[in-house]
Visitor: 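Right, I'll just put the structure down here and ask away after.
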Amino acid sequence: MDAYEVLGHLGQGSFGSVSKIRRKEDGRIMVWKEICYGEMKEKEKQLLVNEVNILQKLRHPNIVRYYDRIIDKHSTKIYIIMEYCTGGDLSQLISKCKSDRIFIEEEVIWRTLVQILSALHEIHNRKDGVILHRDIKPGNLFLDESRNVKLGDFGLAKILTNSMHAHTFVGTPHYMSPEQITGKYNDKSDVWSVGCLVYEMATHRPPFYDATTHNQLYEKIRDGRYIPISDHYSTELAQVISTMLNVNMTKRPTVEELFSFPPIAFRLKERK
Ligand SMILES: CNC(=O)c1c(C)[nH]c(/C=C2\C(=O)Nc3ccc(Cl)cc32)c1C
């Protein structure tokens, strides 16, 4: 612990708070997510071990980099040390544009979409088991100094080896897919969440909203109807949102299939 100096509190991640830290040996700025596991049930401890094991394996420009972990048995805390993203998270960008009543530039939305899909392609197509993020939302997408988008906080992620299937109810209700309501989370549920995210970048609010109870929200999600985005944006953007928000997951595209959509394909080529 004394190898690091805490510089300040940044926000709340899944299971713990995130602080900005400096590594004393070289002055490098990083973050750690501090999690108290003392009160955790076995299941939650397993999710925590999961998060660290998953993060350790991942190396991708659009996934927050994991560096190290410190387990303090005395205080029953674990510190997960990760990459610092100077731009904060996407929820801050969306709230700023909402309060300033300005549209997020369409190109920013496309770039964000392509980068998140690249991160999902990495985790959905791993040879040693598909990883599902299961909690894609603006607060889990971080911006580095060059406005690159990084998928972070794998606190609710799950490795699906061939024997396991995701049955647990997790995920932020607003971005919950219809199949997740009945407990069948899969890679296309992450695609649904990305559709919700792109919609929220274009309209400053989730597509399925304004519900007083979770059941009312689930009804809206299962119904699948939402207010179309403004014609300030292109029909291509509206189409890609509509295909990702298809309530029938067999008709919803995989990340791989989205890569062949022309507006996405040509921006992918630009990155190479
Ligand atoms: C107001 N908060 C911020 O500006 C902020 C900044 C500059 N960075 C962050 C958060 C992270 C950050 O910079 N790197 C991270 C890695 C993993 C997780 Cl779960 C969170 C972060 C935040 C919340």
Side-chain angles (χ1 to χ4, degrees), residues 1 3-24 26-37 40 44-72 77-100 104 108 112 115-116 118-120 122-123 131-159 170-172 174-175 190 193-194 197 200-201 204:
M1 298 272 290
Y4 298 91
E5 180 195 352
V6 178
L7 302 176
H9 178 68
L10 287 171
Q12 210 52 36
S14 63
F15 300 118
S17 70
V18 178
S19 299
K20 184 177 178 180
I21 57 174
R22 178 187 291 122
R23 188 165 55 188
K24 289 178 182 167
D26 59 3
R28 183 159 184 178
I29 302 294
M30 309 161 117
V31 303
W32 71 24
K33 182 163 74 166
E34 174 186 336
I35 299 160
C36 184
Y37 62 82
M40 277 187 167
E44 286 176 329
K45 278 185 197 158
Q46 191 42 55
L47 267 178
L48 181 57
V49 168
N50 243 356
E51 177 178 3
V52 180
N53 293 340
I54 286 171
L55 275 170
Q56 267 177 320
K57 299 171 193 269
L58 298 175
R59 291 278 184 286
H60 187 275
N62 299 116
I63 295 176
V64 164
R65 182 71 191 275
Y66 163 93
Y67 293 117
D68 198 357
R69 67 175 176 281
I70 300 169
I71 299 174
D72 180 350
K77 282 184 178 174
I78 178 171
Y79 298 82
I80 305 176
I81 296 159
M82 298 174 277
E83 168 184 7
Y84 176 61
C85 302
T86 49
D89 65 51
L90 266 187
S91 65
Q92 295 160 250
L93 173 70
I94 294 170
S95 333
K96 174 134 184 32
C97 292
K98 182 174 186 173
S99 49
D100 296 352
I104 294 177
V108 170
T112 303
Q115 293 182 70
I116 298 170
S118 304
L120 284 185
E122 175 72 14
I123 67 171
I131 293 176
L132 307 178
H133 186 277
R134 304 202 302 167
D135 196 19
I136 292 165
K137 58 184 178 181
N140 281 346
L141 289 154
F142 303 95
L143 300 164
D144 71 7
E145 59 292 336
S146 337
R147 311 276 297 166
N148 290 317
V149 180
K150 307 238 178 191
L151 180 58
D153 213 334
F154 282 70
L156 296 175
K158 196 173 187 74
I159 292 187
V170 286
T172 313
H174 282 132
Y175 282 24
D190 277 342
S193 299
V194 175
L197 180 101
E200 185 160 355
M201 290 187 79
H204 305 157

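Indexing begins at 1, ligand by ligand and atom by atom, following the structure's order. By convention here, the first residue in the shown sequence is residue 1.
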Visitor: Might you point out which heavy atoms bring His9 and Ser17 nearest each other, and give the distance in Å?
Guide: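 Result for this residue pair: CE1-CB, 3.5 Å.
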
Visitor: Is it the case that atom NZ in Lys96 sees more than 12 heavy atoms from other parts of the structure closer than 6.0 Å?
Guide: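 Atom NZ in Lys96 is not packed in, count stays at 12 or less.
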
Visitor: Is the closest heavy atom of Gly152 to ligand 1 under 4.0 Å?
Guide: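 The answer is no, since Gly152 has no heavy atom less than 4.0 Å from ligand 1.
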
Visitor: What are the two closest heavy atoms between Tyr175 and Leu197, and how far apart are they?
Guide: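 In terms of heavy atoms, the two residues are closest at OH-CA, 3.5 Å.
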
Visitor: Considering only heavy atoms of Val31, which atoms of ligand 1 have at least one such atom less than 4.0 Å away?
Guide: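 This gives 12 (C), 13 (O), 14 (N), 15 (C), 16 (C) as the contact atoms.
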
Visitor: Could you please spell out the steps behind the side chain to side chain contact (heavy atoms under 4.5 Å, CB included) verdict for Asp135 and Asp153?
Guide: CA-CA 8 Å; Asp135 196 19; Asp153 213 334; over 6 Å; no

Visitor: For ligand 1 and Gly11, I'd like to know whether there is a polar contact (N/O to N/O, distance under 3.5 Å).
Guide: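 The answer is no, given that Gly11 and ligand 1 share no N or O pair closer than 3.5 Å.
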
Visitor: Which atoms of ligand 1 are found less than 4.0 Å from any heavy atom of Thr86?
Guide: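 Matching atoms, with element in brackets: 7 (C).
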
Visitor: Can you check side chain to side chain contact (heavy atoms under 4.5 Å, CB included) on Leu58 and Phe154, steps first, answer last?
Guide: CA-CA 11 Å; Leu58 298 175; Phe154 282 70; 3.7 Å; yes

Visitor: Return the residue, atom name and 0.1 Å-rounded distance of the protein heavy atom closest to atom 22 (C) of ligand 1.
Guide: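 Answer, as residue, atom name and distance: Leu10 CB, 3.9 Å.
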
Visitor: Counting only heavy atoms, tell me which of Glu83, Met82, Gln92 gets closest to atom 14 (N) of ligand 1.
Guide: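 Going through Glu83, Met82, Gln92 one by one, Glu83 has the nearest heavy atom to atom 14 (N) of ligand 1.
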
Visitor: Of all the non-hydrogen atoms in the protein, which one sits nearest to atom 21 (C) of ligand 1, and at what distance?
Guide: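 Ranking protein heavy atoms by distance from atom 21 (C) of ligand 1, first comes Phe142 CE2, 3.8 Å.
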
Visitor: Give me the nearest non-hydrogen protein atom to atom 7 (C) of ligand 1 as residue plus atom name, then the distance to 0.1 Å.
Guide: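 Checking every protein heavy atom, the shortest distance to atom 7 (C) of ligand 1 gives Cys85 O, 3.3 Å.
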
Visitor: Got the closest protein heavy atom to atom 5 (C) of ligand 1, with its distance?
Guide: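 Of the protein heavy atoms, Gly88 CA, 3.6 Å lies nearest.
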
Visitor: Quick one: closest heavy-atom pair of His133 and Asp190, and the distance?
Guide: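 So the minimum-distance heavy-atom pair works out to N-OD2, 3.0 Å.
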
Visitor: Quick one about Tyr67 and Arg28 (side-chain donor to acceptor, distance below 3.5 Å, no hydrogens or angles considered), yes or no?
Guide: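 There is such a pair between these side chains.
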
